Amino acid sequence: MFVLVELKDTVRIPPYSFKCKLNDVIADKLNKKLANKVYQNVGLCITLFEITKIEESFIFPRDGASHTTVSFRYIVFRPWIEEILIGKIRSCSPEGVHVTLGFFEDIVIPPHKLQHPSRFDQMEQAWVWIYKTEDGETHDLFMDAGEVIRFRVVKEIFTEVLPPASNVSHDATGETSEANTIAPYVLHGSIDEPGLGLLTWWENA
């Protein structure tokens, strides 16, 4: 679920930070820039693990700050395909079951990856597994918000997000409103196999 990735970046250190230890300043700058951000085709950055190399620092004309190229290793959230994770149902919609891990919420289990047969209950705003017993009876097993769910990661989608200013639109009254936010990193899950789904379904199995 968590991996170490090797990255390289140039860190700008303002003059008022020259009195501090270089390693501490660089670590702070890297975490402020990357922590809780999605690095395209890498994953969700969590925190700095270690600085592996600090190159020479340069001060450019008309800029009193120093610029230092740094190689480092960063802890990143990027589960591998087919990995099984446990999270909580955040909500349900016709698009599927939306799951959160607490620190990451852009997970969806699409309808075709739910237990079969399943249906969406508009009144309850929940997906329902129509479970058939051996004697032919059926039971509605609801997937309610807050329930703990086990799922398999089957797909990941990285999307390049435009700068925030491009997401602002104007409505008919002339007031500004935020456009639909596009998640830069989305995981698709699956529960269409025995042992996956709500933990309460299998605790007595």
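Position 1 is the first residue of the sequence, and the numbers go up from there. Bear in mind the structure is a predicted one, so any value in this text is a computation, not a measurement.
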Does anything in [range] form a ring pair (Phe, Tyr, Trp, His ring centres under 6.0 Å)? List the pairs, not counting sequence neighbours.
| range | result |
| --- | --- |
| residues 42-61 | F60-H67 |
| residues 2-39 | F2-F77, F2-F103 |
| residues 114-133 | F120-W127, W129-Y131, W129-W201 |

Does [X] reach the main-chain N or O of [Y] with its side chain, forming a donor-acceptor pair under 3.5 Å?
| X | Y | result |
| --- | --- | --- |
| Q115 | I191 | yes |
| R90 | E105 | yes |
| R12 | A65 | no |

Working for side chain to side chain contact (heavy atoms under 4.5 Å, CB included), residues L114 and I109: CA-CA 7 Å; L114 300 175; I109 303 172; 3.5 Å; yes
Minimum side-chain heavy-atom gap [X]-[Y] below 4.5 Å:
| X | Y | result |
| --- | --- | --- |
| S93 | H98 | yes |
| V76 | I46 | no |
| I157 | T159 | yes |
| I13 | L22 | yes |
| D144 | I89 | no |
| L4 | I75 | yes |
| I51 | I26 | yes |
| H188 | V108 | yes |

Stepwise side chain to side chain contact (heavy atoms under 4.5 Å, CB included) check, I84 with L196: CA-CA 9 Å; I84 292 177; L196 300 184; 4.2 Å; yes
Under the salt bridge (charged side-chain N to carboxylate O under 4.0 Å, His left out) rule, collect the residues that match up with [X], sequence neighbours excluded.
| X | answer |
| --- | --- |
| R119 | D121, D140 |
| R78 | E156 |
| E193 | R152 |

Please find the pair of heavy atoms, one from [X] and one from [Y], that lie closest to each other, and give the distance.
| X | Y | result |
| --- | --- | --- |
| V161 | A183 | CG2-C, 4.5 Å |
| V154 | S190 | CG1-CB, 3.6 Å |
| G64 | P15 | O-CG, 3.6 Å |
| L187 | P79 | CD1-CG, 3.6 Å |
| L44 | N36 | CD1-C, 3.7 Å |
| P94 | Q122 | CG-NE2, 4.4 Å |

Under the 4.5 Å side-chain heavy-atom rule for ILVMFWY, direct or indirect, which residues accompany [X]?
| X | result |
| --- | --- |
| V128 | F142 |
| I59 | none |
| M123 | none |

Would you say [Y] ends up clustered with [X] if hydrophobic residues are merged whenever their side chains have heavy atoms under 4.5 Å apart, either directly or through other cluster members?
| X | Y | value |
| --- | --- | --- |
| V153 | V42 | no |
| V5 | I81 | no |
| L7 | L48 | yes |

Pair listing, side chain to side chain donor-acceptor pair (under 3.5 Å) test, anchored in residues 45-61, at least two apart: K8-E55, E50-R73, S57-T68
Sequence-distant partners of T138, side-chain hydrogen bond (donor to acceptor under 3.5 Å, both in side chains), two or more places apart: none
Y74 and N31: side chain donor to acceptor below 3.5 Å: yes
Pairwise salt bridge (charged side-chain N to carboxylate O under 4.0 Å, His left out) hits with a residue in residues 28-39, at least two apart: D9-K33, D28-K32
